[in-house]
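Okay, so here's the structure we're looking at.
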Amino acid sequence: MPSDYLSVALDVPLPRCFDYRAPAGAAGVGERVIVPFGRQTLSGVVLAVSETAPDFTGLKDIAAAPGDLPALPADVLALCRFCADFYAAPLGMVLAAALPAALRQPKPWSGDGATLLWQATDADALLARLSPRARKQRQLADLLRTPQTREAVREVAGDALRWLADWQAAGEVIAVAPERRTGVPRQAASPQLNAAQAAAVDAVNAAEGFAAFLLYGVTGSGKTEVYLRTIAERLGRGEQVLVLVPEINLTPQLEARFRQRFPDEAIVSLHSGLADGERTRSWLQAVRGEARIVLGTRLAVFTPLPALGLIVVDEEHDGSYRQQEGVRYSARDLAVWRAHDRKLPVLLGSATPSIETWKNATEGRYRRLNLPLRAVGGAVAPTIEVLPTGRTALQDGIHPLALERLRATLARGGQALVFINRRGYSPVLACNECGWVSGCKRCDARLVLHLGDRRLRCHHCGFECAIPAECPDCGNIDLKPLGQGTQRVEDALASRFPDTPPLRIDRDNTRRKGSLEAMLAQVHDGEVRLLVGTQMLAKGHDFANLQLVVVLNADAGLFSVDFRAEERLFAQLLQVAGRAGRAGQPGQVLIQTRYPEHPFYAALLAGDYAAFADEQLAARRELLLPPCASWLMIRAEAKRIETSLAFLSALRGALSGMAVQAMTPIAASMSRKAGWERAQLLVTAPTRGPVVAAAAHLATLLAARPPKGVRWVIDVDPQDV
DNA sequence: AGCACGCCGACT
DNA sequence: GTCGGCGTGCTC
């Protein structure tokens with residue numbers, strides 16, 4: 001009996017593959033095998049097949065080749081390999097991230113029926129058999145005259161899927177394979193393009209081979225319409241399109257818009273909020289080419305798409321494209337790599353592009369497509385003003401002029417939003433007598449006062465306790481909350497505007513599934529006219545009647561150690577501002593600041609992100625900061641900071657002789673977190689090559705001799721410093 | 001990462 | 001006398 005020898009990548013943090021024996025032809029490259037590994041059984045992906053036995057005596061046989069995963073195509077394997085090499089991660093872990101969970105389990109996947117359509121063999125015979133009183137069953141039987149998806153069946157009744165199974169067993173219903181779609185999609189009526197949009201669409205449609213485009217335009221400038229037109233063009237050529245979006249809660253809105261435009265297309269959405277089975281089915285639909293549009297969050301970048309013709313990355317600057325746990329990849333950067341590898345156009349959209357993308361556009365590697373401000377539907381740009389807070393006494397943290405504008409807006413019948421990026425009642429509780437403040441025992445952070453349930457909470461480690469009745473140090477009973485959080489602002493506004501009670505929206509009161517949607521519905525209905533919220537409200541949600549936005553604590557990002565903080569603040573403020581005045585009325589945005597003279601605000605008030613980005617880029621060049629240099633960050637945490645620092649110093653030593661500059665290890669900016677003391681080692685080089693080599697070298701070193709009592713992370717191209 | 005084996009404290 | 005603490009070692 002001839003055997004194959006398989007090189008298999010497993011989801012273990014080891015930087016190598018493992019060899020197995022298998023019956024000849026049992027599994028090919030890119031397919032899934034189930035293998036014994038130590039005392040456990042794991043799922044792995046075959047990377048190579050050889051007929052000659054490897055030089056290893058303890059070789060084991062595979063346990064099974066379930067054949068439930070269509071072989072990952074060479075381009076996806078190449079993408080995963082690039083990701084593993086670039087981010088110094090084991091290939092098996094990258095592959096695991098690329099597969100839906102059901103295809104990572106060491107057991108065969110058996111839920112594939114859902115990509116099929118269901119149809120009655122003889123609907124009239126079925127109806128004749130059913131009781132006249134079984135209304136829902138009859139409705140389903142009637143529906144099944146034409147092929148239906150599992151989802152459509154489920155919508156008929158809670159038990160409908162069970163009836164379907166029974167009828168299928170009785171041969172009354174059969175599964176039919178969906179047609180693989182090709183050709184021009186049917187399209188719902190689409191709005192007229194303006195000149196800039198038309199030029200952008202033409203440019204993308206004309207692209208042959210790799211081409212990267214930066215679609216630069218603010219909220220309301222019509223970026224989505226450009227996406228839809230270029231997507232339609234690719235579908236018309238029989239191709240598939242991958243659309244990446246930053247976050248799950250943005251997917252339904254965009255998805256609805258896509259479905260509306262392409263009513264006959266199977267549009268598949270892929271994100272981590274999906275149930276395992278559903279995600280696996282959607283993924284398989286995309287892999288088989290049944291779904292031509294894939295809309296997903298960062299994990300969707302790995303989806304095998306046989307006829308891929310275009311990749312769109314919406315809000316390309318958004319931090320959520322960066323995976324922060326496990327393999328720390330940037331889905332945006334991988335998307336560009338994939339487009340280049342497959343010789344496709346990639347369209348990066350943003351009102352506030354990342355400086356990385358800006359640099360590429362400036363230097364001509366990406367082509368910039370400008371959409372002028374608010375060109376669509378008569379929308380007008382909001383007026384942005386700065387309110388200096390140095391001299392004026394604030395009322396509960398709010399400038400009197402801001403209160404006055406709020407009053408006027410509400411009196412006019414408009415909606416207003418007060419934006420404060422800090423939840424809780426106040427960020428710290430302090431003693432007036434002795435200077436005690438509510439610090440967290442396990443973190444270098446303050447416990448935040450939550451009045452709703454009368455607790456002090458650490459927002460970093462989750463520690464919480466009751467509010468002390470007196471100062472733990474001096475016994476003073478006069479403890480004062482310092483500073484504002486969403487709850488305090490809510491209270492303040494509630495007492496000032498009793499006729500229009502404020503609604504607070506932050507993570508504290510939207511934990512339950514669906515509660516955010518319920519609250520947003522109240523806002524849309526006009527039931528709520530005064531809103532208080534955190535950055536949760538900055539993204540995606542459009543409130544037609546929102547006329548005024550007040551931003552309370554913008555300054556926090558202004559003097560950060562992180563050189564990207566200003567860029568993020570600009571993006572966030574512009575995004576919040578974009579919420580105001582969408583339906584023809586100009587919105588007002590008021591930003592409270594203690595530093596009105598800061599050059600940052602000059603750029604913001606001018607609404608000129610391009611000028612700001614040019615300045616930022618010039619500064620990065622001057623100071624040799626990314627993207628004008630390449631960075632690698634090694635983060636370490638141990639029970640004692642000395643251990644973390646010593647560990648990093650040893651790593652630094654291990655880099656001598658390499659073409660990188662390794663800095664002195666330093667304590668992290670919040671050095672104590674959840675009882676661990678954290679430090680970081682920065683490694684830089686003018687280009688990526690040496691940095692990637694250094695990362696690989698350290699990863700190999702650490703895998704061979706893992707340190708004791710130290711947790712570590714290798715972060716190539718770190719986004720938070 | 002799991003999941004073993006492996007030697008030292010409080011319990012049926 | 002055992003149950004179990006997590007230290008360290010290996011996985012084709």
Side-chain angles (χ1 to χ4, degrees), chain A residues 1-66 77 80-81 83-84 87-107 272 276 299 302 323-329 634-640 642-644 646-647 650 674-677 695-696 698-715:
Chain A
M1 179 68 178
S3 289
D4 280 345
Y5 298 92
L6 312 179
S7 176
V8 178
L10 297 167
D11 183 14
V12 288
L14 301 170
R16 64 170 184 279
C17 293
F18 294 85
D19 296 319
Y20 289 88
R21 192 189 312 110
V29 171
E31 286 184 67
R32 188 163 102 91
V33 284
I34 292 167
V35 295
F37 188 69
R39 251 136 287 220
Q40 28 177 352
T41 303
L42 297 178
S43 170
V45 173
V46 178
L47 292 179
V49 179
S50 158
E51 284 174 18
T52 50
D55 184 22
F56 182 79
T57 44
L59 207 67
K60 290 182 180 176
D61 286 296
I62 64 164
L77 288 176
C80 291
R81 203 166 265 135
C83 180
Y87 295 107
L91 181 53
M93 288 179 73
V94 177
L95 284 160
L99 291 174
L103 295 174
R104 271 180 262 153
Q105 298 319 119
K107 58 177 192 247
S272 54
D276 266 11
L299 53 87
F302 297 107
Q323 169 85 35
Q324 291 293 7
E325 267 142 33
V327 186
R328 307 187 138 231
Y329 63 90
I634 325 294
R635 303 173 202 282
E637 53 182 33
K639 288 297 167 193
R640 289 176 49 236
E642 292 79 7
T643 315
S644 305
F647 164 74
W676 290 79
E677 299 194 334
L698 294 180
T700 315
L701 208 77
L702 288 166
R705 268 180 287 111
K708 293 173 290 187
V710 185
R711 297 193 210 152
W712 48 272
V713 167
I714 294 180
D715 200 352

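Sequence lines set the chain letters: A, B, ... in the order given, protein chains first and strands last, and positions in each chain run from 1. Since the model is a prediction, treat every value here as computed from it, not as a measurement.
Separating the NZ atom in A/K639 from the CH2 atom in A/W676 is a distance of 4.5 Å, to the nearest 0.5 Å. From A/Q105, atom CD reaches atom CD1 of A/I34 across 9.5 Å, with rounding to the nearest 0.5 Å.
Between A/R21 and the options A/D4, A/I62, A/L59, a side-chain contact (heavy atoms from CB on, under 4.5 Å) holds for only A/L59.
Spacing between atom CG of A/D19 and atom P of C/dC12 amounts to 11 Å, rounded to whole angstrom units. Residue A/L702 contributes atom CG, which lies 16 Å from atom C1' of B/dA1 at whole-angstrom precision. To the nearest angstrom, C1' of B/dA1 lies 8 Å from CG of A/D11. The distance from atom CZ of A/R705 to atom P of C/dT8 is 15 Å, rounded to the nearest whole Å. One interatomic measurement links the two molecules: CZ of A/R711 to P of C/dG7, which rounds to 13 Å at whole-angstrom precision. Rounded to an integer number of Å, the gap from NZ of A/K639 to P of C/dG7 is 12 Å. The separation between A/D55 atom CG and C/dC12 atom P is 16 Å, rounded to whole Å. A/L10 places its CG atom 9 Å from the C1' atom of C/dC12, with the value rounded to the nearest Å.
For the contact set between residues 21-54 of chain A and DNA chain C, defined by any heavy atom under 4.0 Å, the members are A/P36, A/F37, A/G38.
In this structure, A/Y87 contributes its side chain and A/A695 its backbone to no donor-acceptor pair below 3.5 Å. Using a distance-only test at 3.5 Å, with no hydrogens or angles considered, a donor-acceptor pair links the side chain of A/R104 to the main chain of A/L99. Side-chain atoms of A/R328 do not come within 3.5 Å of backbone N or O of A/D715 as any donor-acceptor pair. Between the A/S644 side chain and the A/E677 main chain, a donor and an acceptor come within less than 3.5 Å of each other.
The side chain of A/K708 sits closest to C/dT8 out of C/dT8, B/dA1, C/dT11. Here the nucleotide nearest the side chain of A/K60, chosen from B/dA1, C/dT8, C/dC12, is C/dC12.
Aromatic stacking of A/F56 on C/dC12: satisfied, with centres closer than 5.5 Å and planes within an angle under 30 degrees.
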